[in-house]
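Beneath this line is the structure, given in structure tokens, with notes to follow.
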Amino acid sequence: MKATGFQSVASTFREIKSRAESQWRGLRDGGKSVIMVGAATCGRAAGALEVLQAIKRELKKQKLDCPVVEVGCMGHCYAEPIVTISKPGYPPICYRHVNPVIAERLVREFILGDDPCLEFVLAALEENDLVPSFSDFPRAKFEKKVILKNCGHIDPEQIEHYIANGGYSALAKALQMQPEEIIDEVKRSGLRGRGGAGFPTGQKWEICRNALGKPKYVICNGDEGDPGAFMDRAILESDPHSVLEGMLIAGYAIGARYGYIYVRAEYPLAVRRARIALRQARKLNLLGRNILGSDFSFDIKLFQGSGAFVCGEETALIASLEGEPGIPCYRPPYPATNGLYGKPTVINNVKTLVSISHIVQNGAEWFASVGTERSKGTAVFALAGKVINTGLAEVPMGTTLRQVIFDVGSGIPGGKRFKAVQIGGPSGGCLPESALDLPIDFDSLTDAGAMMGSGGMIVLDEDDCMVEISRYFLEFTQRESCGKCTFCRLGTKQMLEVLAEITKGKGKIEDLDMLSQLAEDIKAGSLCGLGKTAPNPVLSTLRYFRDEYEAHIKEGRCPALMCQELIAYYIVPEKCERSCDACVGTCTVEAISSHPKKRYKIIDQEKCVKCGTCVTSCPPQYNAIVKLSPPGQVPASK
Amino acid sequence: MDTLGSRAVFVKLPQRPADNGLHRYAHYHIIQLAAMVMTEEQAKVKQQTKRILNRFGRKRGNLIPVLQKVQGKLGYLPREAMLEIAEFLDIPEIDVYSVVTFYNQFRLNPPGRHSIRVCLGTACHMKGGYITLDAWKRRLEIDRGQTTPDREFDLDTVACVGCCVMAPVTVVDNKPQGKVEPTKVDGILLSFKLEKERQGEESR
């Protein structure tokens with residue numbers, strides 16, 4: 001297949017682009033203030049929709065006619081809800097933790113008046129003399145936004161915003177190239193799949209292009225099942241067209257006719273925005289028959305996954321698209337030759353596809369100039385857990401973990417000590433402080449016992465128990481195992497039971513060797529990535545934090561004071577204020593009472609469910625409630 | 001319909017008692033009787049399912065989208081709906097059942113009026129999601145995957161809703177609520193109780 005009429009593609013696209021640009025300019029330079037509200041799922045959970053309503057209400061009250069735009073996620077999730085106001089004569093300014101009251105004030109004092117309300121400012125988008133900008137943040141030195149370039153700056157429900165910001169021009173350029181040239185470009189760029197395994201994308205495409213069979217398919221894997229990872233969700237919610245563009249280029253390069261976007265049903269907003277994007281692209285003939293006047297035809301359907309972690313594995317995903325239970329098959333043959341309905345199929349992760357348009361637009365050399373020897377480009381991480389700046393971070397490959405956690409993420413809140421970072425979700429592992437100077441790329445993380453995975457990064461501090469977290473991940477993979485391979489189905493169950501015993505203080509020291517043995521057997525005896533990586537959290541914690549396992553087994557003590565069976569809450573009588581009833585009132589099970597004579601509070605250990613509510617309720621000046629491990633340390637009450 | 005009484009896959013049959021002639025068929029009669037009593041609700045389920053099916057092609061690949069639509073409409077997947085879907089797509093009923101029980105999204109029992117989904121993603125777990133789940137269990141007196149006897153609440157867990165920043169998260173009636181700790185559980189339940197009382201007064 002070859003796109004004919006290069007002239008017509010270029011001129012058709014130029015027309016679309018100039019229309020989009022004039023609309024974008026109309027919004028930007030219309031002489032009015034533009035208000036942008038970050039309304040992705042993270043923003044909404046923090047109350048962005050209430051803020052949006054408050055702004056609209058106040059604008060109406062003040063009889064102001066300013067465009068209010070719902071944008072996606074900028075990655076600064078710790079500061080949500082975020083509102084950006086671009087007022088003529090001022091730089092565009094972002095406000096953090098906006099609530100309806102602050103929103104009304106911003107409308108009255110900044111838009112109507114001239115006070116930029118500096119007390120609520122997060123940063124400005126551009127450098128200026130008035131307020132610090134994002135580029136002044138220490139993290140700016142380490143970040144490089146390629147995949148997340150548009151996220152939070154455009155309205156995801158307006159295709160014109162995307163086109164005016166350079167969108168779809170890579171598609172127009174690609175349609176004027178030969179498919180082989182594109183594949184060659186992608187190969188030279190060194191792009192590796194961002195889903196976790198890191199298979200070279202260009203090679204996958206080439207195999208699929210040369211495979212016999214028609215029609216061919218392109219599938220976008222947005223089944224982001226890793227608990228703790230939300231990059232794909234943020235991209236689909238904030239910049240869905242960039243995913244479509246990548247799929248279109250992939251489709252043209254391999255000679256496909258149909259595409260599927262596979263999104264988790266747990267992401268309703270991502271599903272909605274992808275649907276809108278598909279409709280808009282179809283309207284502008286960027287999708288459908290004879291795209292932009294070329295003879296390339298391609299259509300995309302949206303498919304909602306139904307909540308099975310294993311469906312992130314490509315053969316399971318295909319089974320699920322075909323209406324079967326998502327059970328993986330033996331590979332080879334790989335989907336690139338025998339995929340959906342037995343036809344050649346390319347399956348790429350959301351972030352891989354978004355990178356494609358940047359490679360086509362800027363060239364393979366540009367992409368390959370970022371990153372390390374064997375891992376090119378940037379990596380997107382979802383930072384969560386015990387870290388100050390939670391949210392999304394995009395850094396060049398080769399950045400160290402320390403830079404991501406302490407410079408981009410600003411370190412651990414509450415002055416606590418860093419203990420470990422969990423990378424790659426249930427397939428990854430926990431890396432200790434000693435591994436923090438490791439440059440991040442596909443190979444170094446695997447060597448250290450973790451895995452790039454899809455990019456979830458959970459930071460753990462001294463209050464997190466490593467035995468408990470490996471038990472948690474194993475519980476997850478055990479529940480999500482499809483049951484096909486015996487080792488994965490029964491082996492993970494055995495490991496889980498042993499770990500659960502350890503967290504209850506009933507473990508035996510021989511269990512530790514048994515766990516490592518079983519882990520190796522499960523890795524060897526499982527077909528797909530789920531089973532092959534399921535023991536990783538246990539292996540990595542055993543490797544780096546064996547002392548914690550031993551404390552649980554030998555002393556019945558949880559060093560992090562987390563395992564519920566091994567701790568007890570105790571009110572220190574000397575510290576208790578006696579006339580204060582805060583803990584008594586908040587206890588959810590009425591387990592706290594006063595000492596009949598001395599009035600200090602006592603916890604009834606029989607009734608206590610160890611929820612920790614009393615600790616938060618005890619006023620900080622007394623700080624009388626402590627956790628003790630093992631529970632036997634609690635003195636008998638007099 | 002009559003051929004389906006013998007399929008134990010959809011209905012939990014009572015334990016078959018000693019194999020004497022009288023009891024052998026007794027529970028089939030009970031089921032038949034129950035089926036006759038429930039015809040009205042069944043007919044409604046069937047009708048609603050059919051209406052949804054009309055919008056789809058008879059392709060096996062449509063099975064999951066069909067199930068999602070039907071559950072979206074009915075709140076769960078009753079036996080009659082699954083039978084109807086199997087017939088429409090011309091596949092064995094057991095295939096529909098195996099898909100329904102494989103994926104976490106599908107449920108076989110009716111939902112409560114309010115859905116409580118406790119997030120147990122990594123970030124939520126580390127910040128005490130399991131404690132929150134315990135609090136919900138204690139207050140609603142049900143386990144995960146169950147509905148309260150008055151069909152007011154159903155409790156379940158979800159792997160991750162992707163707003164790890166607000167951990168621990170509970171999704172109440174499809175709205176993610178951040179920082180839900182045991183005291184906030186009580187607060188949410190109280191607000192539902194107050195709303196119900198207010199509605200009760202208004203309708204009086």
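Predicted model, so just to flag it, every value in this text is computed and none were measured. Letters go in sequence order (proteins before strands), and every chain restarts at 1.
B/Q68 places a side-chain N or O within 3.5 Å of a backbone atom of A/Q304 that can act as its donor or acceptor partner. Between the side chain of B/N104 and the main chain of A/G307, a donor-acceptor pair closer than 3.5 Å is present. With B/T122 contributing its side chain and A/P227 its backbone, the two residues share a donor-acceptor pair below 3.5 Å. A side-chain donor-acceptor contact under 3.5 Å links A/Y472 to the backbone of B/L120.
At least one side-chain heavy atom of A/Q564 sits under 4.5 Å from a side-chain heavy atom of B/I131. No side-chain heavy atom of A/S320 sits under 4.5 Å from any side-chain heavy atom of B/F102. You'll find the side chain of B/E181 stays beyond 4.5 Å of the side chain of A/T613, heavy atoms only. Two residues are said to be in side-chain contact when any heavy atoms from C-beta on lie closer than 4.5 Å; B/K175 and A/R44 fail this criterion. Side-chain atoms of A/V609 and B/D134, non-hydrogen and from C-beta on, never get closer than 4.5 Å to each other.
Heavy-atom minimum distance, B/Y103 versus A/C311: CE2-SG, 3.7 Å. The minimum heavy-atom distance between B/Q105 and A/A265, with the atom names listed, is NE2-CB, 3.5 Å.
Interface residues of residues 458-466 of chain A toward chain B, defined by a heavy-atom distance below 4.5 Å and sorted by number: A/I458, A/L460, A/D464, A/C465.
A distance of 8.5 Å separates CD in A/E324 from CD1 in B/I64, rounded to the nearest 0.5 Å. Atoms NE2 and CZ, on B/H125 and A/R471 in that order, are 5.5 Å from each other to the nearest 0.5 Å.
Most heavy-atom pairs under 4.5 Å with chain B: of the set A/G225, A/G326, A/C611, A/G385, this distinction falls to A/G326. Ranked by heavy-atom pairs under 4.5 Å with chain B, the first of A/F473, A/Y341, A/F476 is A/F473.
Neither the backbone nor the side chain of B/R117 comes within less than 4.5 Å of any heavy atom in chain A. In this structure, the portions of A/M562 lying under 4.5 Å from any heavy atom of chain B include both its backbone and its side chain.
Heavy atoms from other residues, nucleotides or ligands lying under 6.0 Å from NZ of B/K69 number 12 at most.
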